[in-house]
Amino acid sequence: MLELLDSCDSRRFRATKMPINPSFDTSSFMAVAGVATASPSSLIYTRPSSRSGGRIPGNARRTTAVVMAAENGGWRTMPHVLTVAGSDSGAGAGIQADIKACGALGAYCSSVITAVTAQNTVGVQGVHSVPEAFVAKQLRSVLSDMAVDVVKTGMLPSVGIIKVLCRSLQEFPVKALVVDPVMVSTSGDMLAGPSTLSGYRDELFVMADIVTPNLKEASALLGGMSLRTVSDMCSAAKSIHNLGPRNVLVKGGHLPGSSEATDVFFDGENYHVLHGSRVNTRNTHGTGCTLASCIAAELAKGSPMLQAVQRAKTFVESALDYSKDILIGNGPQGPLDHLFDLNTHAHTAGARSFDANDLFLYAVTDSGMNRKWGRCIVDAVKASIEGGATIVQLREKEAVTRDFIEAANACLEICRSNRVPLLINDRVDVALACDADGVHVGQSDMPARVARSILGPQKIIGVSCKTAAQAEQAWADGADYIGCGGVFPTTTKANNLTVGLDGLKVVCLASKLPVVAIGGISAANAGSVMEISVPRLKGVAVVSALFNRECIVTEARRLKSILMDSSSHAKLSV
Ligand SMILES: Cc1ncc(COP(=O)(O)OP(=O)(O)O)c(N)n1
Ligand SMILES: Cc1nc(C(=O)O)sc1CCOP(=O)(O)O
Ligand SMILES: [Mg+2]
């Protein structure tokens, strides 16, 4: 039964569901999910009375709210973040930033509003707190109905509201709690009274998985401690960690004299100093809310904490960068561009997020070999895909930029129509120019962290690694996979160090990212590679075994069948 609300049309709830396929039959979806149309502009929400036709699997609570109907009558759930924060009428920060940031990273974001602010690019003109009882009511509405993965907090204007939130979280536990201890807006206006400090310190921090203060907030939480250096930030992170949260991120965006955006992450044992570029833009309003929301979205998607923080930092850097030429409002601080990825067509047809299983048979082209066999690159790529290649990398060491882009555009057409991702070796500029699916970079190429900030979160980034330390760095830099080699000696890449099957094993065991093996791999030894049977090893990358052969299709088929046989023997974790 629906609970009546105090002062509004309480019986009308809009259902938070949508078909993902434009051709999906909305009326049958609503019937299955228990939604009846009341009027053209509103829906009366009722719970589904039965799992009609077995089409609503799993937890009925989840099916009613955040589950979306997928093609073929199936269902998919979405990572779900609940933001408990204030509304920003200018939409740069607060609830509005949180919803945009989570949406951009593929998480559903529900919202409990703690305060309504009158705010713009000049500053905060007024704050109207929502009564505690009504915050409690909103929390119950969301948490009792929807399967929330992560709660993220922003502006909590009173200690009473903090207590209400803690009680709700005790009643409805979630997987993770991200606390952004918002006290002062970017314009310098106070957003929470001094009593909230004790609320954070005594009630909320002990429940938090991560707390993300900026320098001013960290200082306020620690009784005015002066924070001027990275070493001060480490001490602050430790002191805040002593207040109860499992992890602390002290954001040094405003560190005096720093030309970088350096943050300190402390997990109770280790400090990680996270470097980022400082983006020169007026549009920084909402940076803190966005960062915390991105961390929450990544946690909801299943990322481990430090990786969530790294990805969030990368996203914020890109959003700041893309905002540089945007003019909204007349004040000193405009909003960042959360939706840059939509605007830069990263979601246009063919763009895709990374699937580690695509590394299974990885074809890497070579212009010298194509010349030798009298083939153009497009025919070579086409043949490798026909034979079963699951991902293609254009490794054109000699091509001039213009020819490289032209070849990449032609190969992209083939790859897109076969749903095979196409990556570019070394050249981030070429990848950008043709909107390829990503890049592969080595230890002396552009650092993956920089490539990620240029390409954004959706593109695939692979990094060559020969050691466990390089694999760790690739992960921290936001890469998607690593290429490990040379597994065997090769003549394709000059002066390449051979790490052997043992070296491959060490890297795979240390890596948090999926791994593709490379170097001297052919039909004669591919089986022995897959049979080392270590987690994370997802496939082999080959150059000469495909492109230095008379028939690429035949060789690709042969390799694929060997890989399939050996990986089923080795029971690869997929
Ligand atoms: C899948 C894959 N793994 C490793 C490499 C090698 O990259 P790098 O070390 O940058 O060397 P070059 O290929 O640029 O010579 C790769 N290309 N692909
Ligand atoms: C491009 C490349 N990278 C390597 C690495 O060890 O990182 S080995 C290599 C060449 C692989 O060519 P082939 O399959 O012909 O041996
Ligand atoms: Mg390279």
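Atoms within a ligand are numbered from 1 in the order they appear, just like the ligands themselves.
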Val441 N/O to ligand 1 N/O under 3.5 Å = no
Does the pair Arg371/Glu398 count as a salt bridge with the N-to-O cut at 4.0 Å?
-> yes
Using only atom types and a distance under 3.5 Å, with no angle test, would you say the side chain of [X] pairs donor to acceptor with the backbone of [Y]?
X      : Y      : answer
Asn214 : Lys251 : no
Ser323 : Leu320 : yes
Arg427 : Glu396 : no

So the protein N/O/S atoms within less than 2.8 Å of the Mg ion (ligand 3) come down to Asp426 OD1, Asp445 OD2
For the side-chain contact (heavy atoms from CB on, under 4.5 Å) test, which of Asp429, Leu423, Leu455 pairs with Val439?
-> Leu455
Between Val364, Thr492, Asn370, which is the residue that forms a side-chain contact (heavy atoms from CB on, under 4.5 Å) with Phe547?
-> Asn370
Summary of salt bridge (Lys or Arg N to Asp or Glu O under 4.0 Å) pairs that have at least one residue in residues 299-310, sequence neighbours excluded = Glu298-Lys301
Would you say Val364 contacts ligand 1, with heavy atoms under 4.0 Å as the rule?
-> no
Tell me, please: is Lys397 in heavy-atom contact with ligand 1, that is, under 4.0 Å?
-> yes
Residue part near ligand 1, for Asp445, under 4.0 Å between non-hydrogen atoms = side chain
Below 3.5 Å, can you tabulate the donor-acceptor pairs from side chains in residues 97-107 to any protein atom, sequence neighbours excluded?
residue: Asp98; atom: OD1; partner: Lys152; partner atom: NZ; Å: 3.1
residue: Asp98; atom: OD1; partner: Ser293; partner atom: OG; Å: 2.7
residue: Asp98; atom: OD2; partner: Thr83; partner atom: OG1; Å: 2.6
residue: Asp98; atom: OD2; partner: Lys152; partner atom: NZ; Å: 2.8
residue: Lys100; atom: NZ; partner: Ala91; partner atom: O; Å: 2.9

Determine, using ring centers only, whether His272 and Phe266 are less than 6.0 Å apart.
-> no
Name the residues with a heavy atom less than 4.0 Å from ligand 2?
-> Arg395, Lys466, Gly485, Gly486, Thr490, Thr492, Lys493, Asn496, Ile518, Gly519, Gly520, Val542, Val543, Ser544
